[in-house]
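Positions are given from 1 along the sequence.
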Amino acid sequence: MAHYLPEKRVSNEYFNQLNGLSNEWIIERTGIEERRKAAEHENTNTLTLDAIKALQNKLPDLEKTVDLIIGATYTPFDTIYTLAHAAQRYLNIGDIPVVSISTACSSLINAFEIVEGYFATNKASKALVVAAEHNTRYSDENDKVAGHLWGDGAVAFYVSKEQLATTDLKVLEIKTKGAANVGKADESVILQPVDAGFKMPFGRDVFQQACIHMAEITEYIVKNNNIGVQDIRFLVPHQANNRITKNVAKQLGLHKKNALSNIEYLGNTGCAGCGILLSEHEAKINAGEYVVMTVFGGGYSCGAMLLQKQGDLTN
């Protein structure tokens, strides 16, 4: 896996000057101190390609084996020529399935689940999964409710049906579910590009539902694999709000040092956020250790993925 982040950093001071929100106020409510913002020449597709280029530094022959591409985003540069199609064109791979999906901030886990289906039916064996968000393209910085939340970034994963190396992260289980039947799922987070950018009129409902569902689905996937919460090396949650991460960790009885976070310096990077977070901490995961990615998206939807680092456990 590999990720890409735009160079431009936007501090809380920018929003203080723009609309009077103080640094302390933003940190207290979100945990965000700064976020990344794509340059004028960047968009969702270019962010994706830069993440793929970073992955190619690790896997220079990537295009020779990929037989499936799944893209995930809710902030597309183009809803026709998607980030997945941009990835295919860049790698110049023909005659393979290429799919782009959106289930808001849980899209990345759903992308992995789609790969699981292709692998199970023997329609593919080597997949490229990409997730990118250009949140600042759609956000209104003058919006005092949500304008200061968003950051941009992308991540790319190479997923193989068979183990490739002794240090692989193995996917043990993926569990997703829609939750559009609860709370204010139909109106809590809105993105209607033609009419307006991001709106979050019911942020409290999002917060409450995220805390409930991320904890529940994490607990389910852990118990279903006969391990305990204490066996989790890292919880890798969606980066919507640092208070959500702390709340979920507390519900699970997980020590705060094991609940990872990058929202402090990246902001909410949407469905790419948990992938970027895992990429940042991959080197810290030792053989035999478990990692749980857990996400919640507006609309609503949620998911979790349990991984285990492979390797020699005798050392």
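A distance-only check finds a donor-acceptor pair linking the side chain of Gln308 to the backbone of Gly288 [under 3.5 Å]. For the pair Asp168 (side chain) and Lys170 (backbone), a donor-acceptor distance under 3.5 Å is absent. For Thr294 (side chain) and Met214 (main-chain N/O), a donor-acceptor pair under 3.5 Å exists by modelled atom type. The backbone N or O of Arg29 sits less than 3.5 Å from a side-chain atom of Asn241, completing a donor-acceptor pair. A donor-acceptor contact shorter than 3.5 Å links the side chain of Asn43 to the backbone of Asn45. Side-chain atoms of Asn12 come within 3.5 Å of backbone N or O of Ile32 as a donor-acceptor pair. For the pair Asp67 (side chain) and Ser125 (backbone), a donor-acceptor distance under 3.5 Å is present. Here the side chain of Glu187 pairs no donor or acceptor atom with the backbone of Lys184 at under 3.5 angstrom. Tyr265 places no side-chain N or O within donor-acceptor distance of the main-chain N or O of Arg36, the cut-off being under 3.5 Å. Lys256 contributes no side-chain N or O that, together with a main-chain N or O of Ala249, makes up a donor-acceptor pair within less than 3.5 Å.
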TODO: Let me see the working for Thr73 and Glu133 under side-chain hydrogen bond (donor to acceptor under 3.5 Å, both in side chains), right down to the final yes or no.
DONE: CA-CA 6 Å; Thr73 187; Glu133 301 292 10; 2.9 Å; yes
Open item on the list: Between Phe234 and Leu277, does the side chain to side chain contact (heavy atoms under 4.5 Å, CB included) criterion hold? Intermediate values first, please.
Closed with: CA-CA 10 Å; Phe234 288 130; Leu277 187 58; over 6 Å; no
- [ ] Applying side chain to side chain contact (heavy atoms under 4.5 Å, CB included), run through Glu33 and Ile27 and close with a yes or a no.
- [x] CA-CA 6 Å; Glu33 298 177 24; Ile27 292 175; 3.7 Å; yes
Open item on the list: Applying side chain to side chain contact (heavy atoms under 4.5 Å, CB included) to Gln192 and Lys199, what does each step give before you reach the verdict?
Closed with: CA-CA 9 Å; Gln192 299 172 346; Lys199 300 295 179 184; over 6 Å; no
TODO: In sequence, state the C-alpha distance, the side-chain angles, and the governing distance for Val206 and Tyr300, and then conclude on side chain to side chain contact (heavy atoms under 4.5 Å, CB included).
DONE: CA-CA 9 Å; Val206 179; Tyr300 290 135; 3.9 Å; yes
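Looking at heavy atoms from C-beta onward, Ile232 lies out of side-chain contact with Asn258 at the 4.5 angstrom threshold. Side-chain atoms of Ser301 and Thr176, non-hydrogen and from C-beta on, never get closer than 4.5 Å to each other. The shortest side-chain heavy-atom distance between Phe296 and Gln209 falls under the 4.5 Å cut-off. The closest side-chain heavy-atom distance from Leu108 to Cys274 is below 4.5 Å. For the pair Lys161/Asn122, a side-chain contact is recorded, criterion being any heavy-atom separation below 4.5 Å from C-beta on. Between Cys302 and Lys177, some side-chain heavy-atom pair lies under the 4.5 Å cut-off. Inter-residue side-chain proximity for Glu63 and Asn92 is flagged as unmet; no heavy-atom pair is nearer than 4.5 Å. Residues Phe119 and Ser160 fail the side-chain proximity criterion, which asks for heavy atoms closer than 4.5 Å.
Distance check: Asn135 CG to Trp150 CH2 gives 5.5 Å after rounding to the nearest 0.5 Å. Rounded to the nearest 0.5 Å, atoms OG1 (Thr269) and CZ (Arg35) are 12.0 Å apart. Rounded to the nearest 0.5 angstrom, Leu172 CG and Asn225 CG are separated by 5.5 Å. With rounding to the nearest 0.5 Å, the separation of CG in Leu47 from OG1 in Thr75 is 8.5 Å. Atom CG of Leu252 is separated from atom CD of Gln230 by 11.5 Å, given to the nearest 0.5 angstrom. For the atom pair Arg233 CZ and Leu254 CG, the distance stands at 10.5 Å (nearest 0.5 Å).
At a threshold of 4.5 Å between side-chain heavy atoms, the hydrophobic network of Ile, Leu, Val, Met, Phe, Trp and Tyr places Leu235 and Val171 in two separate groups. Cluster annotation: Ile174 is not connected to Tyr220 through the hydrophobic network of ILVMFWY side chains, with a link wherever side-chain heavy atoms come within less than 4.5 Å. Both Tyr290 and Val248 are members of a single hydrophobic cluster when ILVMFWY side chains are connected at heavy-atom separations under 4.5 Å. In terms of hydrophobic clustering, with Ile, Leu, Val, Met, Phe, Trp and Tyr side chains grouped at heavy-atom distances under 4.5 Å, Ile93 and Tyr118 are assigned to different clusters. With hydrophobic clusters built from ILVMFWY side chains whose heavy atoms lie under 4.5 angstrom apart, Ile52 shares a cluster with Leu59.
For Arg137, the CZ atom sits in a loose shell: 12 or fewer heavy atoms of surrounding residues, nucleotides or ligands are nearer than 6.0 Å. Within 6.0 Å of atom NZ in Lys223, 12 or fewer heavy atoms from other residues, nucleotides or ligands are found, so the atom counts as exposed in its surroundings. Open room surrounds NZ on Lys123; 12 or fewer heavy atoms of other groups in view lie less than 6.0 Å from it. Heavy-atom contacts from other residues, nucleotides or ligands closer than 6.0 Å to CZ of Phe202 number more than 12.
The two residues Val155 and Phe157 have their closest heavy-atom pair at CG2-CE1, 3.6 Å. For the pair Ser106 and Thr103, the tightest heavy-atom approach, listed with the atom from each and the gap, is OG-O, 2.8 Å. For the pair Ile244 and Ala210, the tightest heavy-atom approach, listed with the atom from each and the gap, is CD1-CB, 3.9 Å. Here the closest heavy-atom approach between residue Ala51 and residue Ala2 is recorded as O-CB, 4.1 Å. The minimum heavy-atom distance between Ala84 and Gly71, with the atom names listed, is CB-N, 3.8 Å. Heavy-atom minimum distance, Leu149 versus Met200: CD1-CE, 4.1 Å.
Ser188 and Asp205 are not linked by any side-chain donor-acceptor pair at a separation below 3.5 angstrom, with hydrogens and angles left out of the test.
Tested against Tyr90, the residues Lys53, Gln56, His85 include a single side-chain hydrogen bond (donor to acceptor under 3.5 Å, both in side chains) partner, Gln56. The side chain to side chain contact (heavy atoms under 4.5 Å, CB included) test with Ile96 is passed by exactly one of Leu91, Leu68, Val66: Val66. Under the side chain to side chain contact (heavy atoms under 4.5 Å, CB included) rule, Lys126 has a single partner from Leu62, Val159, Leu164, which is Leu164. Among Glu141, Glu7, Glu42, the one residue that satisfies the side-chain hydrogen bond (donor to acceptor under 3.5 Å, both in side chains) test with Lys37 is Glu141. When each of Thr218, Leu260, Leu278 is checked for a side chain to side chain contact (heavy atoms under 4.5 Å, CB included) with Met293, only Leu278 meets the rule.
Below 30°, between 30° and 60°, or above 60°: for Tyr74 and Phe198 the angle between ring planes is above 60°, a perpendicular geometry.
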